[in-house]
> 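One structure follows; several queries about it will come next.
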Amino acid sequence: MQEVTTSRRTKHSGQKVEAFQVALQNPTAVIRELNNRSLYHFLQHFWPIVSAHPFSHNWHIEYLCSELEQIAYSVANKKPKKYDLIINVPPGSTKTITCSIMFPAWCWTKWFGMRFITASYSSALSMESAEYCRDLIRSPLFQELYPELNIKEDKDTKSNFKIVKTFPSTPGHARKAIAGGSRYSTSVGGTLTGFHGDILIVDDPLNPQQAVSDTQLETANRWCEQTLSTRKTDKAVSTIIYIMQRLHQDDPSGHILAKQKENIKHICLPGEIRHFEEKLCPSELRQYYVDGLLDPKRLPWGVLMDLQADLGQYGYAGQIGQDPTPP
């Protein structure tokens with residue numbers, strides 16, 4: 001029996017050595033596999049393409065990547081949708097790079113036919129995220145890992161571009177290119193006629209100036225409720241992701257949550273929990289806060305105190321505490 005066990009261990013050890021040698025010979029394949037398994041790893045690998053600043057780790061980014069992965073797998077596998085997702089986080093928390101730039105690109109490396117609709121409070125901001133995403137796909141670093149993916153030449157604008165995947169040629173046949181998924185970007189309140197998405201991302205539907213206008217609030221809420229919700233490719237599968245700072249009790253997050261719909265998942269991450277712990281959702285995430293802070297590097301207490309002085313009590317409570325309750 002001991003000889004059999006020793007033989008198994010030797011065989012297993014040999015397989016590990018062989019796998020390690022293969023990895024050394026083809027490091028690109030290893031990086032690609034790591035990216036394939038993890039949106040968070042993908043984000044770190046391609047971070048220099050979209051930011052001039054070094055990447056700064058914080059637990060909330062990895063946590064949000066995991067939540068986005070779950071939605072992507074569910075949609076890709078055509079599983080009945082469990083929920084639409086609302087994420088409330090302070091400004092400057094890397095939400096746009098994570099959700100609006102990296103996430104669609106990562107999905108296309110796995111499911112090149114996935115379709116996205118993205119929106120923000122202004123068309124300029126929405127187009128900027130789309131342009132970063134498009135530039136990422138065209139970058140030499142991305143093409144080195146995913147040479148089979150590119151932007152379709154005759155469908156290539158910031159507001160509306162398509163993915164094309166090229167398959168290896170077979171003897172006697174030309175390389176085969178198949179049009180895949182797409183990204184259509186617009187502003188909240190903009191037109192969506194004729195467009196549908198598997199995943200729909202709303203990144204900041206309002207800015208602070210718009211949030212003080214009853215008309216702008218009503219427009220944003222009505223657009224999310226009556227226009228965006230009808231643009232799902234498959235009503236039973238397609239998922240909407242709202243990610244925003246809280247700006248008003250009746251902003252789109254508050255408006256949707258007030259309905260107490262069962263098919264809404266709410267993630268709320270205040271910038272600090274000394275004063276806003278009751279807003280933290282889910283509450284078990286408290287264990288990751290350091291000195292009461294969501295992100296001690298990006299939003300340390302000194303920065304938060306300056307923001308409180310600039311934003312005032314109400315603005316600070318909404319944008320940092322995710323609690324837009326009038327004083």
Side-chain angles (χ1 to χ4, degrees), residues 38-68 85-103 120-121 125 128-129 132 203-212 241-249 251 253-254 266-327:
S38 167
L39 170 58
Y40 185 63
H41 191 280
F42 180 95
L43 181 149
Q44 293 176 84
H45 184 74
F46 291 111
W47 181 267
I49 305 300
V50 301
S51 177
H53 303 286
F55 176 73
S56 177
H57 165 78
N58 196 59
W59 66 269
H60 79 279
I61 303 174
E62 189 169 4
Y63 174 77
L64 292 181
C65 283
S66 177
E67 292 292 327
L68 295 173
L85 179 63
I86 294 176
I87 303 171
N88 296 136
V89 290
S93 53
T94 317
K95 65 177 179 59
T96 294
I97 290 180
T98 302
C99 298
S100 296
I101 299 173
M102 294 292 186
F103 178 50
S120 187
Y121 63 81
L125 185 61
E128 183 178 47
S129 295
Y132 273 117
D203 184 356
D204 280 338
L206 290 168
N207 66 22
Q209 290 71 39
Q210 293 171 332
V212 300
I241 300 169
Y242 302 92
I243 182 162
M244 61 180 293
Q245 55 188 313
R246 294 301 310 275
L247 296 171
H248 190 279
Q249 286 178 300
D251 60 20
S253 285
H266 185 209
I267 296 173
C268 186
L269 305 176
E272 53 101 336
I273 55 173
R274 283 185 184 174
H275 307 96
F276 303 103
E277 185 171 352
E278 72 279 1
K279 291 300 175 181
L280 180 62
C281 182
S283 59
E284 57 264 25
L285 295 178
R286 187 190 188 286
Q287 62 182 305
Y288 300 112
Y289 277 68
V290 177
D291 191 26
L293 294 167
L294 167 68
D295 192 336
K297 292 182 181 178
R298 292 178 179 83
L299 296 171
W301 280 112
V303 169
L304 293 183
M305 293 303 97
D306 287 343
L307 285 172
Q308 187 173 33
D310 292 337
L311 297 172
Q313 180 183 353
Y314 179 61
Y316 181 83
Q319 295 184 50
I320 302 302
Q322 310 310 308
D323 183 20
T325 303

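Given the structure is predicted, the values throughout are model-derived calculations rather than measurements. Computed over heavy atoms, backbone and side chain alike; hydrogens, waters and symmetry mates excluded.
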> Is there a side-chain contact (heavy atoms from CB on, under 4.5 Å) between H57 and Y40 once you walk through the steps?
CA-CA 10 Å; H57 165 78; Y40 185 63; 2.3 Å; yes
> Any chance you could measure I241, atom CD1, to I267, atom CD1, to the nearest 0.5 Å?
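Those atoms lie 9.5 Å apart.
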> Start with the C-alpha gap between V50 and M102, add the side-chain angles, then the distance that decides, and say whether side-chain contact (heavy atoms from CB on, under 4.5 Å) holds.
CA-CA 9 Å; V50 301; M102 294 292 186; 3.6 Å; yes
> Looking at every non-hydrogen atom in both residues, tell me the closest pair between Q210 and L206 and how far apart they are.
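Residues Q210 and L206, closest heavy atoms: OE1-CA, 3.4 Å.
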> Rounded at 0.5 Å granularity, tell me how far OG in S253 sits from CD in Q245.
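Rounded to the nearest 0.5 Å, the OG-CD separation comes to 10.5 Å.
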> Closest heavy-atom contact between Q319 and P208?
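The answer is NE2-CG, 3.9 Å.
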> State, with a plain yes or no, whether a side-chain heavy atom of C99 is found less than 4.5 Å away from one of L68.
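Counting from C-beta outward, C99 and L68 do come under 4.5 Å.
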> Could you tell me the separation between the CG atom of D295 and the CD1 atom of I61, rounded to the nearest 0.5 Å?
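Those atoms lie 6.5 Å apart.
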> Could you state the interatomic distance from OH (Y289) to CD1 (I273), rounded to the nearest 0.5 Å?
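That separation rounds to 6.0 Å.
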> With sequence neighbours excluded, tell me which residues meet side-chain hydrogen bond (donor to acceptor under 3.5 Å, both in side chains) with K95.
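With neighbours one apart ignored, the set is D203, D204.
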> Does the pair V89 and I243 meet the rule for a side-chain contact (heavy atoms from CB on, under 4.5 Å), with working shown?
CA-CA 7 Å; V89 290; I243 182 162; 4.3 Å; yes
> Surrounding OH of Y132 (heavy atoms of other residues, nucleotides or ligands, distance under 6.0 Å), is the total greater than 12?
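Check fails, neighbour count at 12 or below.
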> Can you tell if the side chain of I101 reaches within under 4.5 Å of the side chain of S129, non-hydrogen atoms only?
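Side chain of I101 against side chain of S129, heavy atoms only: contact under 4.5 Å found.
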> To check you understand the geometry: which heavy-atom pair defines the closest contact between H248 and Y314, and what is its length?
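Nearest heavy atoms, H248 then Y314: CA-OH, 3.7 Å.
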> Looking at Q322 and C268, what are the two nearest heavy atoms and their distance?
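Distance-wise, the nearest heavy atoms are CB-SG, 3.5 Å.
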> For residues 41-55, which residue pairs pass the side chain to side chain donor-acceptor pair (under 3.5 Å) check, not counting sequence neighbours?
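Sorted pair list: N35-H41.
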> Kindly determine whether T325 and D323 satisfy side chain to side chain donor-acceptor pair (under 3.5 Å), including the steps that lead there.
CA-CA 6 Å; T325 303; D323 183 20; 2.8 Å; yes
> Would you say that L307 contacts L304 through its side chain, given a criterion of any heavy-atom pair below 4.5 Å between the two side chains?
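With C-beta onward as the side chain, the pair touches.
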> Heavy atoms only: give me the nearest S56-K297 pair and the separation to one decimal.
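In this case the closest contact between S56 and K297 is OG-CD, 3.3 Å.
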> Once rounded to the nearest 0.5 Å, what's the spacing between atom OG1 of T94 and atom CG of N58?
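It comes to 8.5 Å.
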> P282 and L280: which non-hydrogen atoms are nearest, and at how many Å?
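Looking at all heavy atoms of both residues, the shortest contact is O-CG, 3.8 Å.
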> Taking atom OH of Y288 as the centre, report whether more than 12 heavy atoms of other residues, nucleotides or ligands fall under 6.0 Å from it.
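No.
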> In terms of the angle between their ring planes, are Y316 and F276 parallel, tilted or perpendicular, with boundaries placed at 30° and 60°?
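Rings of Y316 and F276: tilted, 30 to 60°.
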> I need the L294 CG to L285 CG distance, nearest 0.5 Å.
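These two atoms lie 9.5 Å from each other.
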> What residues, two or more places apart in sequence or in another chain, satisfy side-chain hydrogen bond (donor to acceptor under 3.5 Å, both in side chains) together with W301?
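Listed in chain order: D291.
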